[in-house]
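Have a look at the structure below, then the notes.
Residues: numbered from 1 along the sequence shown.
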Amino acid sequence: MNVTSRHADTDTAAADTATGPAADPVEGYVATLTAALHGPARAKARLIGEIRDGLADTVAAYTDDGLPRQQAVHQAVREFGTAEELVPSCQRELTIAQAQHTARAVALTVPLLIACWYPIWATGHGGAWRLAGAAQLLAASLAGVAAAAALLALATLAATGALARRLPTPRRLPLAVAWTGTTASVAMAFSALMLATATPLSANWPLVALAGVLTAASHGGVAASARACRRCARLPVTMPA
């Protein structure tokens with residue numbers, strides 16, 4: 001009885017393996033694409049989901065017409081193109097999505113931070129925070145860099161949004177956005193360090209400390225997004241001239 005049971009369990013496991021995701025050509029196709037593509041998680045999941053559904057529907061249509069499943073899958077892949085053939089165009093779409101994500105992070109974060117920093121810097125000689133002239137000059141320079149990055153980010157969102165329907169997206173725009181985000185994140189890091197150094201010297205130290213924490217947190221988010229954008233921008237993709 002025990003031997004028979006073990007054989008039955010083995011046969012059941014083998015059947016499950018044969019019909020599982022690893023044996024499904026559609027899931028194998030999707031797995032290849034998933035491993036090859038990089039970009040924002042939501043955009044990637046949506047793109048992969050659309051491809052999976054489209055391929056599965058095409059396979060189902062061919063099987064309904066009487067083709068064996070293996071032939072139906074082969075015919076569907078011929079229509080879609082192989083996973084390797086789809087990677088460049090799909091990666092281009094995800095690279096643009098990552099550039100938009102990074103630009104949006106900069107465009108939303110920098111103005112908020114400048115709004116937090118300005119009251120502190122503006123009242124520096126009023127007793128709220130006594131900064132040396134050189135430190136104030138550095139703070140103004142960093143704010144200028146961050147503001148310029150935010151303006152470029154807004155231009156990027158326009159170029160990859162409404163304007164993209166009329167004009168092709170520039171080839172080097174994602175890399176430019178990546179380095180813009182990196183520059184903004186470096187400015188945030190210096191600002192956070194300056195705020196942390198000045199906190200013990202400030203009469204209004206809770207406000208200065210809060211601005212420092214917000215700046216440090218924003219630096220982390222923008223830096224991570226810019227790093228992902230640099231990675232996507234350096235991947236070989238089909239980009240319009």
Side-chain angles (χ1 to χ4, degrees), residues 30-54 83 86-117 142-192 211-241:
V30 169
T32 300
L33 274 179
T34 302
L37 297 176
H38 302 278
R42 289 185 179 180
K44 180 177 175 178
R46 182 171 59 251
L47 179 62
I48 293 294
E50 290 174 355
I51 293 172
R52 175 192 284 113
D53 293 343
L86 283 186
V87 165
S89 59
C90 290
Q91 184 56 59
R92 174 184 175 271
E93 183 175 339
L94 290 178
T95 297
I96 296 299
Q98 183 62 60
Q100 290 175 327
H101 185 277
T102 302
R104 192 175 296 111
V106 173
L108 293 178
T109 302
V110 171
L112 175 62
L113 292 178
I114 292 178
C116 293
W117 299 339
L142 293 175
V145 169
L151 290 175
L152 182 56
L154 289 173
T156 298
L157 291 174
T160 57
L163 291 180
R165 300 172 185 173
R166 301 180 181 180
L167 300 173
T169 301
R171 181 188 301 272
R172 298 187 180 275
L173 182 60
L175 190 58
V177 172
W179 284 111
T180 297
T182 300
T183 302
S185 71
V186 170
M188 292 175 190
F190 275 107
S191 297
V213 170
L214 289 175
T215 302
S218 298
H219 157 73
V222 172
S225 184
R227 185 166 55 250
C229 194
R230 289 199 306 272
R231 180 183 185 185
C232 288
R234 289 168 177 166
L235 291 172
V237 297
T238 303
M239 294 288 289

Taking all non-hydrogen atoms of both residues, which atom of Ser185 and which atom of Val222 are closest, and how far apart?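 Of all heavy-atom pairs spanning Ser185 and Val222, the closest is CB-CG1, 4.0 Å.
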So which heavy atom on Ala192 is nearest to which on Ala216, and how close?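 In terms of heavy atoms, the two residues are closest at CB-N, 3.9 Å.
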Could you measure the distance from the [atom1] atom of [X] to the [atom2] atom of [Y]? Nearest 0.5 Å is fine.
X      : Y      : atom1 : atom2 : value
Ile96  : Cys229 : CD1   : SG    : 9.0 Å
His38  : Arg234 : NE2   : CZ    : 13.5 Å
Cys232 : Gln98  : SG    : CD    : 5.0 Å
Leu37  : Thr32  : CG    : OG1   : 10.5 Å
Leu94  : Leu235 : CG    : CG    : 10.0 Å
Cys90  : Leu47  : SG    : CG    : 4.5 Å

Using atom types as modelled and distance alone, determine if a side-chain donor or acceptor of Thr102 lies under 3.5 Å from a backbone N or O of Ala178.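 Here the side-chain-to-backbone pair does not exist.
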Quick one: does Thr183's side chain have a donor or acceptor within less than 3.5 Å of a partner on Trp179's backbone?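 Yes.
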Measuring only between side-chain heavy atoms, which start at C-beta, is Lys44 closer than 4.5 Å to Thr34?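 Of all side-chain heavy-atom pairs linking Thr34 with Lys44, at least one is under 4.5 Å.
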Quick one: are Gln100 and Val177 in side-chain contact, heavy atoms under 4.5 Å?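 Of all side-chain heavy-atom pairs linking Val177 with Gln100, none is under 4.5 Å.
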Checking Thr95 against Gln91: is there a side-chain donor and acceptor pair closer than 3.5 Å?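 Judged by distance alone, the side chains do pair up.
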